[in-house]
Structures are given as C-alpha cells and as structure tokens.
Amino acid sequence: MRKQEAANIANLVLGTISTDKVLEAYFTNNNEIIIKEIATNSKDPEAMFRTIEAANYEIENEELLSKSSSYGIIQTNIVDNMAKTDNLEFFETNIINNEQIIGESCPSIERSSSIIEDIKQQNLGMEMSK
Amino acid sequence: MDQLNVTYEAIDSNESLSDALKDNFKYLIAIFHQNFNEVDLSNFNERIKRLKIKKGNKFIVKDAVEYNSKEDTLYLNEEKLNTVDAKHELMYAILTIITAKDNFYGFDSDGKLKALNVGITEILTNFLVGNESE
C-alpha cells in the first residue's frame, strides 16, 4: 500500500470524525482520541475498525517485502499470517535465495529454512487430511 | 523571540547540516508554522539540533526520505529521491520529526493505527506543499 492509498483510507475515517480531533490526536501522540471518536461517531464502528486493520495489514506486508532488516518480522509474519504455499514460494524465491537482500548478514538463515520446511510439511498435512 | 526564530536558530546550530539543507528546512517549517501556528515546535527544535543525515540501504529505506526517531537520523534513498517530489518527501519527514516520540510519530504508538497515521501524514503533506510527482 502506497502512502496515497493510506491517505484514501484516512479520508474515509476523516469523513466520520472531526478534523480537529484527528489533528489533536496527531500532534499530541494520542491514538485514544481517534479510537474513541470512531467508536462514538461512526455509524458502523466495527466495519471502520476492520477497514483500518486491513489497511494496517496491507502496509505492513509491503514493508515486509521491502525491508530485509526486518528479518524477525518476516519470520513472524510467515508463521502467523502467511502460512500459505504461494507466499512461502515467493519468500524463498525472492528473499531467501536473493543474496543481494539477505547476503551474509543473516546468520539465522539455516534455522529459518527449517521453519519454512516445517510450515510446508504442516500445509501438506492439512491438504492431505482434506 | 517568536517561535519560528527559535526554530531557525535550532536549525542553524546543527553543524552537520549543509547550508542548502538548512534553507530547505527553514522554508518548509515556515510553511508548516504558517498553517499550524498553534503547534508547539519544541520537539522539532531539540531533534533538529542533533539530526544526522545518512545514505540508507535501498532495501531497508523504503521511502525516499525516512526519519528514525531513535537514532535521530534522516535516511535518504538517493535512487528513489530522484524519482519523487523531494519537497513533498522532506515535508513528510519534517512532520514525522515534529510529532516524533520514542520510536514512533503521530498517533501510531502501538501499531493499531499505522496505515491511518501514514495516510494522515500524507494528507497533511499534500495540503502543505502538494506533490509534483503525481
């Protein structure tokens, strides 16, 4: 998700709460103001929070694929959110096997590979059991 | 002395910044102050005094300009910087410096509103200086 797409989501939220409150939250580092405003002013707060969560997921995954330094986050995301064969293949092809990205700066590479193998086995097991 | 002059002095006191970059900071912070004169700039003033500029690895620094509040360092992705509106990117970075706290900026204290925080910063940046790369 690019910044402009994030701005589109923000515009959606700005349509339900006052700009003054958003600015107050922004310049006082206080996210409780926004959460409270959405909960009280939005016609459908749950849908709004789901949209916000989906946007967070999008933006975090974009970082995931572009920041090799966040290696721990990559592992966590694979285990927690991306345990699908397609994503694992993408990960192996584009990140693990790309020395330009990983290089020698990642001593945990062997351990990570074994984690991926474990997940693959789990996926295989799940498919077999269907 | 008014708040803006205090900020100009803070910018000038940082010897690691080039004169051209100091001028850019002054130009952009003046635009910000003109539109949001009620916002306290003391956080920005303290951080700009010790701000460092470094080239960032293009695989780590995703955006053209990224501010790391823990290190008080502005990382530049020079390859990306040539393809975007530098004024827009620097204003975005200035907003992150103004609202920096611990390891976050704006209202993204725990990641719950991360995308919204990015979006609001982008909206504010567009409002203040536009975006000529679009």
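Below, chain A is the first sequence line, B the second, and so on; all start at residue 1. What you see is a predicted model, and the numbers here were worked out from it, not measured in a lab.
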Residue Leu95(B) versus chain A: region with a heavy atom under 4.5 Å | both

Tell me, for Leu12(A) versus chain B, whether the close heavy atoms (under 4.5 Å) come from the side chain, the backbone, both or neither.
-> neither

Asp40(B) versus chain A, the contacting section by heavy-atom distance below 4.5 Å | neither

Residues, nucleotides or ligands: over 12 heavy atoms within 6.0 Å of Gln34(B) CD | no

First locate atom CG of Leu116(B), then atom CE of Met48(A), and finally report the distance between them rounded to the nearest 0.5 Å.
-> 9.5 Å

Side chain, backbone, both or neither: which part of Ile34(A) has an atom under 4.5 Å from a heavy atom of chain B?
-> side chain

Do Phe27(A) and Phe32(B) make the cut of ring centroids closer than 6.0 angstrom?
-> yes

Tell me, with the steps shown, if Thr99(B) and Tyr26(A) meet side chain to side chain contact (heavy atoms under 4.5 Å, CB included).
-> CA-CA 7 Å; Thr99(B) 62; Tyr26(A) 188 75; 3.6 Å; yes

Residue Lys21(A) excluded, over 12 heavy atoms near NZ under 6.0 Å = no

Does any N or O in the side chain of Asn29(A) come within less than 3.5 Å of the main-chain N or O of Ser109(B), such that one atom is a donor and the other an acceptor?
-> no

Ion pair check, Lys3(A) and Glu89(B), cut-off under 4.0 Å = yes

Shared ILVMFWY cluster between Leu90(B) and Val118(B), side chains joined below 4.5 angstrom?
-> yes

Interatomic distance, CG@Asn30(A) vs NZ@Lys101(B), rounded to 0.5 Å, equals 8.5 Å

Honestly, the part of Asn11(A) sitting under 4.5 Å from a heavy atom of chain B is both

Would you say Phe104(B) and Val65(B) are hydrophobically clustered, going by side-chain heavy atoms of ILVMFWY under 4.5 Å?
-> no

Considering all heavy atoms, the nearest Ala115(B)-Ala6(A) contact | O-CB, 3.5 Å

Exceeds 12 heavy-atom contacts within 6.0 angstrom, atom NZ of Lys36(A) = no

Full working for side chain to side chain contact (heavy atoms under 4.5 Å, CB included) between Gln4(A) and Asn126(B) = CA-CA 10 Å; Gln4(A) 190 52 51; Asn126(B) 284 336; 3.5 Å; yes

Output the distance between atom NZ (Lys112(B)) and atom CG (Asn56(A)), rounded to the nearest 0.5 Å.
-> 11.0 Å

For chain A, the option from Asn43(B), Asp108(B), Thr121(B) that forms the most heavy-atom pairs under 4.5 Å | Thr121(B)

Is it the backbone or the side chain of Thr125(B) that comes under 4.5 Å from a heavy atom of chain A, or both, or neither?
-> neither

Say you draw a straight line from CD1 of Ile120(B) to CG of Leu23(A); how long is it, rounded to the nearest 0.5 Å?
-> 7.5 Å

If Ile, Leu, Val, Met, Phe, Trp and Tyr residues are connected whenever their side-chain heavy atoms lie under 4.5 Å apart, and connections chain through other members, are Ile33(A) and Ile123(B) in the same group?
-> no

With rounding to the nearest 0.5 Å, note down the distance linking CD1 in Ile35(A) to CZ in Phe107(B).
-> 9.5 Å

